[in-house]
Amino acid sequence: MTSLVDETEVPSYNTRLIFYPLLLLASSIWILYRWQQKSRMYKFAEKIPGPAIIPFLGNALLVLRKKPSELVKFALEYGEKFGNVVRVWMGSNLIVFLTDPNDVEIILNSQVHIDKSTEYKFFKPWLGEGLLISTGDKWRAHRKMIAPTFHINILKSFVGIFNQNGKNVVEKMRPEIGKEFDVHDYMSGVTVDILLETAMGITRKTQDESGFDYAMAVMKMCDIIHQRQYKLWLRFDSIFNYTNFSKQQKQLLDVIHGLTNKVIKNKKETYLENKAKGVVPPTLEELTKTTDENVLANNDKSLSEDVFKGYRDDLDFNDENDIGEKKRLAFLDLMIESSQNGTNNISDHEIKEEVDTIMFEGHDTTAAGSSFVLCLLGVHKQIQDRVYNELYEIFGDSDRPATFADTLQMKYLERVILESLRMYPPVPIIARKLNRDVKISTNNYVLPAGATVVVGTLKIHRNPQYYKNPNVFNPDNFLPENTSNRHYYSYIPFSAGPRSCVGRKYALLKLKVLLSTILRNYKVTSDVTEDQFALQADIILKRTDGFRLKIHPRQRVPIPNVA
Ligand code: HEM
């Protein structure tokens with residue numbers, strides 16, 4: 001026994017003798033490194049204009065007591081005061097706001113600066129390592145896999161789903177006729193229904209109670225994440241984990257992940273059963289391959305193809321090979337198929353993360369986008385009349401559903417949507433964490449590694465250098481003659497470059513079908529003027545006063561005297 005004690009004590013003494021000095025050395029190196037890194041940051045940041053800082057807190061006090069509705073105004077005012085590059089310190093974190101399209105292009109068009117900022121961590125329990133927050137090789141591989149599932153042929157096959165759900169929401173809104181109500185509730189509901197069907201293949205018919213619970217859970221989870229963005233104390237996990245929000249989040253995620261897992265399991269089983277019977281769905285390659293008859297003619301392209309062509313991303317590349325409509329498959333079916341046939345190496349868990357990501361990204365953005373368009377048309381009667389006359393020219397007084405070809409004729413409606421996304425971009429800022437120094441075009445400032453860069457989309461979209469009367473809602477801002485010479489990075493509602501929104505074409509197509517269906521059935525009016533819209537900035541731009549609107553049954557006749 002004694003000898004045993006003696007034997008263990010000698011190495012333990014030796015271990016401590018080596019371990020503690022090593023720990024001390026490592027900690028000192030770490031502290032020195034952090035100090036060096038910070039002082040490097042201070043050195044570069046010093047040159048960039050920004051509000052005066054106080055020790056330790058930096059500029060944190062400036063935003064501490066601001067309500068979310070005050071933050072938009074505040075950010076715009078500071079932009080006016082300090083210019084296109086503004087430096088702010090939140091404690092020891094350096095944040096640089098950029099609003100010059102030339103600087104923004106350097107960041108967004110880069111293959112290097114693709115890391116999301118730490119704010120995105122709130123999504124992690126829900127979206128895991130999905131496309132929105134993953135980075136590096138994982139993001140690259142998954143982006144390559146997922147972008148083709150948004151090919152225009154796949155999107156065309158969704159037009160029927162967009163129509164049916166458009167009709168459903170028209171019926172759902174009927175009891176609101178003549179009353180003031182919040183249209184966002186309806187846009188949010190219909191968006192989740194459409195996503196359930198296009199992302200997971202869950203239709204109203206096949207949807208049981210769990211589909212409804214899922215939709216509610218998605219909406220409530222978005223709310224919790226919003227709360228964490230603007231209630232500063234909820235940003236700390238150590239506080240958040242002890243709140244009711246955290247308990248609620250766990251329950252909601254059980255519902256969300258429970259359904260996604262269940263659907264993936266069922267779909268995979270069905271896929272394997274069918275395969276055993278020799279029934280195999282068309283592959284993504286088959287659905288998106290070129291044939292001579294169905295290459296997209298130039299005049300078959302929508303207006304926004306030109307608006308976004310300057311930051312050609314993988315979405316454009318994919319679509320140049322187009323075929324006609326084939327069998328409809330949800331994004332999930334396509335992912336299962338490509339993982340099973342060996343085209344892509346993606347696990348069930350990763351498929352779940354990507355489906356959850358599409359459900360999140362596709363939901364709040366389009367719900368806010370469509371609500372803004374309806375409210376703006378409620379305010380601008382002349383513009384709504386012109387939209388309706390265009391729809392009347394396409395559909396007459398018929399009630400037939402819209403086709404993909406019809407959507408290409410909705411040129412004025414498309415300009416209205418693009419203009420609404422300009423003035424009220426649903427994603428008002430984009431944030432990146434720099435892992436390398438980068439020199440920008442304004443004054444050759446160097447933004448140091450470790451800093452967070454925030455691209456101020458809302459401010460860029462209201463720059464008088466690029467838009468005459470930038471605070472006036474004017475769809476003609478998107479006439480070809482006005483877009484042709486404009487800086488591409490002065491219009492970035494879907495971001496741009498390699499990490500641009502993979503759902504851009506899906507969103508625009510869906511918005512056109514959904515909004516045209518609503519506007520063919522209802523005239524919309526707003527008692528609230530545009531200057532009374534109380535904007536709230538968090539991850540998604542919304543109105544704190546609610547998207548208040550009135551609807552009235554539409555007489556299906558052309559409107560006279562419309563300019
Ligand atoms: C009006 C509607 C939409 C707007 C304004 C919008 C805007 C954006 C923006 C600005 C980003 C970049 C975010 C960032 O870098 O932080 C983004 C990314 C993304 N969006 Fe959208 N989006 C919309 C609709 C959709 C839809 C309908 C889907 C899917 C069905 C979708 C899926 C995604 C995904 C997966 C990403 C991450 C892409 C990546 O990092 O590679 N979005 N979106």
Side-chain angles (χ1 to χ4, degrees), residues 104 107-111 113-120 122-123 127 129-136 138-147 149-150 154-155 158 161-162 187 191-192 194-200 218 229 304 308 311 313-315 330-332 335 353-373 414 417-418 420-433 452-458 460-461 489 491-512 514-515 539-542:
V104 170
I107 302 296
L108 294 186
N109 204 18
S110 152
Q111 290 284 351
H113 309 297
I114 57 167
D115 290 357
K116 295 298 174 83
S117 74
T118 41
E119 276 70 25
Y120 290 76
F122 304 136
F123 294 106
L127 310 182
E129 290 281 308
L131 207 53
L132 181 71
I133 39 183
S134 60
T135 190
K138 174 152 190 181
W139 168 75
R140 259 180 268 276
H142 281 212
R143 173 87 189 194
K144 215 169 153 196
M145 228 182 281
I146 286 163
T149 66
F150 284 82
I154 312 285
L155 304 185
F158 293 158
I161 298 175
F162 298 157
M187 292 302 104
T191 303
V192 177
I194 291 176
L195 280 166
L196 276 172
E197 209 166 334
T198 51
M200 294 209 246
V218 166
Q229 297 284 330
S304 52
F308 297 115
Y311 44 81
D313 44 28
D314 42 1
L315 302 178
F331 296 129
L332 173 57
M335 284 188 240
E353 292 179 337
E354 296 306 349
V355 171
D356 286 335
T357 297
I358 290 173
M359 290 299 298
F360 163 72
E361 267 294 311
H363 166 227
D364 237 12
T365 46
T366 30
S370 50
S371 304
F372 271 118
V373 173
E414 190 164 350
I417 295 170
L418 296 175
S420 175
L421 294 174
R422 176 184 77 81
M423 290 194 68
Y424 303 98
V427 182
I429 53 170
I430 299 163
R432 294 272 193 279
K433 185 96 180 167
T452 296
V453 171
V454 175
V455 172
T457 306
L458 183 72
I460 297 170
H461 285 183
Y489 283 75
Y491 186 64
I492 47 167
F494 296 99
S495 184
R499 286 212 86 148
S500 69
C501 172
V502 84
R504 183 183 84 224
K505 294 183 184 199
Y506 172 105
L508 289 172
L509 183 59
K510 188 199 97 169
L511 285 174
K512 282 204 263 180
L514 182 66
L515 292 168
I539 24 174
I540 303 292
L541 187 73
K542 287 194 185 151

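Both ligands and their constituent atoms are indexed starting at 1 by order of listing.
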Asks: Numbering the atoms of ligand 1 from 1, which are under 4.0 Å from a heavy atom of Ile430?
Replies: 14 (C), 15 (O), 16 (O)

Asks: Which of the numbered atoms in ligand 1 are below 4.0 angstrom from a heavy atom of Ser500?
Replies: 38 (C)

Asks: If you round to the nearest 0.5 Å, how far is NZ of Lys116 from NZ of Lys433?
Replies: 14.5 Å

Asks: Please find the pair of heavy atoms, one from Ala147 and one from Val502, that lie closest to each other, and give the distance.
Replies: CA-CG2, 3.7 Å

Asks: For atom 30 (C) of ligand 1, grab the closest protein heavy atom and report residue, atom and distance to one decimal in Å.
Replies: Ile358 CG2, 3.6 Å

Asks: Give the atoms of ligand 1, by number and element, whose distance to some non-hydrogen atom of Trp139 is under 4.0 Å.
Replies: 39 (C), 40 (O), 41 (O)

Asks: Among Ile540, Leu108, Leu132, whose heavy atom sits nearest atom 37 (C) of ligand 1?
Replies: Leu132

Asks: I'd like to know if Phe150 contacts ligand 1, where contact means a heavy-atom distance under 4.0 Å to any ligand atom.
Replies: yes

Asks: Shortest non-hydrogen contact from Phe372 to Ser420?
Replies: CB-OG, 3.7 Å

Asks: Counting heavy atoms only, name the option from Arg432, Arg143, Arg140, Met359 that's nearest to atom 39 (C) of ligand 1.
Replies: Arg143

Asks: Keeping waters out of it, list the protein N, O or S atoms under 2.8 Å from atom 21 (Fe) of ligand 1.
Replies: Cys501 SG

Asks: Of all the atoms in ligand 1, which lie at a distance below 4.0 Å from a heavy atom belonging to Tyr120?
Replies: 14 (C), 16 (O)

Asks: Using the side chain to side chain contact (heavy atoms under 4.5 Å, CB included) rule, take His142 and Met145 through it: C-alpha gap first, then chi angles, then the decisive distance, then the call.
Replies: CA-CA 5 Å; His142 281 212; Met145 228 182 281; 3.7 Å; yes

Asks: Among all the protein's non-hydrogen atoms, which is closest to atom 13 (C) of ligand 1, and how far away is it?
Replies: Lys116 NZ, 4.2 Å

Asks: Go through it in stages, so that I can follow the logic: the residues are Ile540 and Thr365, the test is side chain to side chain contact (heavy atoms under 4.5 Å, CB included), and I'd like the CA-CA distance, side-chain angles, deciding distance and then a yes or no.
Replies: CA-CA 7 Å; Ile540 303 292; Thr365 46; 3.8 Å; yes

Asks: Minimum heavy-atom separation for Glu353 and Lys138, please, with both atom names.
Replies: OE1-NZ, 3.8 Å

Asks: Measure the distances from the heavy atoms of Lys510 to every atom of ligand 1 and state whether one is below 4.0 angstrom.
Replies: no

Asks: How are the rings of Phe162 and Tyr506 set to each other: parallel, tilted or perpendicular (split at 30° and 60°)?
Replies: perpendicular

Asks: Looking only at distance, does Tyr506 have an N or O less than 3.5 Å from an N or O of ligand 1?
Replies: no

Asks: In the protein, what heavy atom is nearest to atom 40 (O) of ligand 1, and what distance, to one decimal place, separates them?
Replies: Arg499 NE, 3.0 Å

Asks: Is the contact between Lys505 and ligand 1 made by the side chain, the backbone, both, or neither, using heavy atoms and a 4.0 Å cut-off?
Replies: neither

Asks: Using side-chain hydrogen bond (donor to acceptor under 3.5 Å, both in side chains) as the criterion, list what pairs up with Glu129, not counting sequence neighbours.
Replies: Lys124

Asks: With atom 10 (C) of ligand 1 as the reference point, say which of Pro498, Gly369, Pro493, Ala367 has the nearest heavy atom.
Replies: Pro493

Asks: Please lay out, stage by stage, how Ser495 and Leu108 fare under the test side chain to side chain contact (heavy atoms under 4.5 Å, CB included).
Replies: CA-CA 8 Å; Ser495 184; Leu108 294 186; 3.9 Å; yes

Asks: Within this structure, what is the CD1-CG distance for the pair Ile358 and Leu195, rounded to the nearest 0.5 Å?
Replies: 8.5 Å

Asks: Nearest 0.5 Å, what's the OG-CD1 distance between Ser500 and Ile492?
Replies: 11.5 Å

Asks: Test side chain to side chain contact (heavy atoms under 4.5 Å, CB included) on Leu127 and Glu361 and set out the steps.
Replies: CA-CA 10 Å; Leu127 310 182; Glu361 267 294 311; over 6 Å; no

Asks: Would you say the ring centroid of Phe150 lies under 6.0 angstrom from that of Phe158?
Replies: no

Asks: Judged by non-hydrogen atoms, does Ser134 sit under 4.0 Å from ligand 1?
Replies: no

